[in-house]
2 protein chains.
Amino acid sequence: MKTAGMTRETVTARLRAHGIQPTHQRIEIAHALFSRMEHMSADQVLALVNERHAETSKATVYNTLKLFVETRLVREVIVDPAKVFYDPNTTPHHHFFDVESGEITDIDAADISISGLPALPAGKVAAGIDLIIRIRANA
Amino acid sequence: MKTAGMTRETVTARLRAHGIQPTHQRIEIAHALFSRMEHMSADQVLALVNERHAETSKATVYNTLKLFVETRLVREVIVDPAKVFYDPNTTPHHHFFDVESGEITDIDAADISISGLPALPAGKVAAGIDLIIRIRANA
DNA sequence: TGCCGCAATTAGACAGAGTCCAATTCTTAT
DNA sequence: ATAAGAATTGGACTCTGTCTAATTGCGGCA
Ligand SMILES: [Mn+2]
Ligand SMILES: [Mn+2]
Ligand SMILES: [Zn+2]
Ligand SMILES: [Zn+2]
């Protein structure tokens, strides 16, 4: 993911590729995520897109993030009991979660192998496999 | 964990073994968890302990669950973006999480091996490794 | 260009989980 | 029985997220 190349035009094309009507607000929200490539909460996104001057409401940020998740443009990360994080990295990967600072770091899934998993319950399919390594400062 | 043997006396001994002063409320809360051996939210615990007649406040349930987690009598499970679940099973294990029903099921960690994990960031220790298989109904 | 109809956005009320505090009630030791 | 510290409590409060009804924006078409 080339952060430098993430102009609003690039973001717009990416929205279209996912079948999303590229409105001004959606472009700003996607740009906030993809230009930084960081795990962000809805509040952080809201603050970022309204940094220069207010232009996007809280409702739209939540609507849009939900839309992005449904269309798999971004991914949800459930690690913090207080809030959901949105992840612009949709390649298979796992996470370190620093329980003290709240920092989330990616771990490439290509390097990792998980064996011995039991069969899924009958009639169920896997919707995702999340591996979270909770870390904290030594001693 | 023998559910049948989980009398209030057994629970009281277990609290003492963890250095927890066994008050009436704490015994009821621990009994709710250990007699059922199910993953429960704070609200579910609150409802259970007040089933017969009101005897424990919301504040005490939250205080007590936090105390139980700190003393490692129970474990937190972060899978549902809306609420924390408390797990009376403290043996190493992972979880299936049915994203449609909210059901949480244990997976014994003894059967599972995870390899290829990267080194922890400098100065950090692992506080826990959570593997969550999100599942949903087929088709 | 000017309308139309639908899609998207919005403010603000609302809901649910969890925290906090100061006042009260227990426990336990003396 | 008393006193001191520990635990409990109601209720206000915060925060994340949802909902709704009203408004605004936008693409297609005459
Ligand atoms: Mn948020
Ligand atoms: Mn709860
Ligand atoms: Zn990530
Ligand atoms: Zn469990």
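Nothing here was measured: the structure is a model prediction, and the numbers come from that model. Here is the naming used below: chain letters follow the sequence lines, and residue numbers restart at 1 for every chain.
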Can you tell me how far P of D/dT8 sits from NZ of B/K66, to the nearest Å?
14 Å
In whole angstroms, how far is the C1' atom of D/dG17 from the CG atom of A/D43?
10 Å
Option passing side chain to side chain contact (heavy atoms under 4.5 Å, CB included) with A/R26 (candidates A/N63, A/T56, A/L15)
A/L15
May I ask you to say whether A/D130 pairs ionically with B/R134, meaning some side-chain N is under 4.0 Å from a carboxylate O?
yes
Just how far, in rounded Å, is C1' of D/dA6 from CG of B/L15?
15 Å
In whole angstroms, the gap separating P of D/dG25 from CD1 of A/I27 amounts to 15 Å
Whole angstroms only, please: what is the CD1-C1' distance between A/I20 and D/dC26?
17 Å
Value in whole Å for how far the P atom of D/dT18 lies from CG of A/L65
10 Å
Write down the distance between CG (A/D80) and C1' (D/dT16), rounded to a whole number of angstrom.
11 Å
Aromatic ring pairing A/H39/A/H95, orientation class (parallel under 30°, perpendicular over 60°, tilted between):
perpendicular
Terminal helix-axis angle for the helix from C/dT1-D/dA30 to C/dT30-D/dA1, with five pairs defining each axis and rounding to 10 degrees
10°
Rounding to an integer number of Å, can you tell me how far A/K83 NZ sits from D/dT14 P?
16 Å
Any luck finding a side-chain donor-acceptor pair between A/S41 and A/D43 under 3.5 Å?
no
Side-chain N,O (B/Y62) to OP1/OP2 (C/dG18) below 4.0 Å
yes
Among A/I29, A/I104, A/L33, whose side chain to side chain contact (heavy atoms under 4.5 Å, CB included) with A/M40 holds?
A/L33
Yes or no on side chain to side chain donor-acceptor pair (under 3.5 Å) for A/H93 and A/D106, after CA distance, side-chain angles and deciding distance?
CA-CA 6 Å; A/H93 71 281; A/D106 285 348; 3.0 Å; yes
Which atoms of nucleotides 8-12 of chain C (N or O only) lie under 3.5 Å from a protein N or O atom, and what are those distances?
{"residue": "C/dA8", "atom": "OP1", "partner": "A/R26", "partner atom": "NH1", "Å": "3.1"}
{"residue": "C/dT9", "atom": "OP1", "partner": "A/T23", "partner atom": "OG1", "Å": "2.5"}
{"residue": "C/dT9", "atom": "OP1", "partner": "A/Q25", "partner atom": "OE1", "Å": "3.4"}
{"residue": "C/dT9", "atom": "O3'", "partner": "A/Q25", "partner atom": "NE2", "Å": "2.9"}
{"residue": "C/dT10", "atom": "OP1", "partner": "A/Q25", "partner atom": "NE2", "Å": "3.3"}
{"residue": "C/dT10", "atom": "OP1", "partner": "A/E55", "partner atom": "O", "Å": "3.0"}
{"residue": "C/dT10", "atom": "OP2", "partner": "A/S57", "partner atom": "N", "Å": "2.9"}
{"residue": "C/dT10", "atom": "OP2", "partner": "A/S57", "partner atom": "OG", "Å": "3.3"}
{"residue": "C/dT10", "atom": "OP2", "partner": "A/T60", "partner atom": "OG1", "Å": "2.7"}

Quick one: pull up OH in B/Y86 and NZ in B/K66 and give me the separation to the nearest 0.5 Å.
8.0 Å
Are A/V74 and A/I27 connected in the hydrophobic side-chain network, where two residues link if heavy atoms are under 4.5 Å apart?
yes
N-O pairing of A/K124 and B/D98 below 4.0 Å
yes
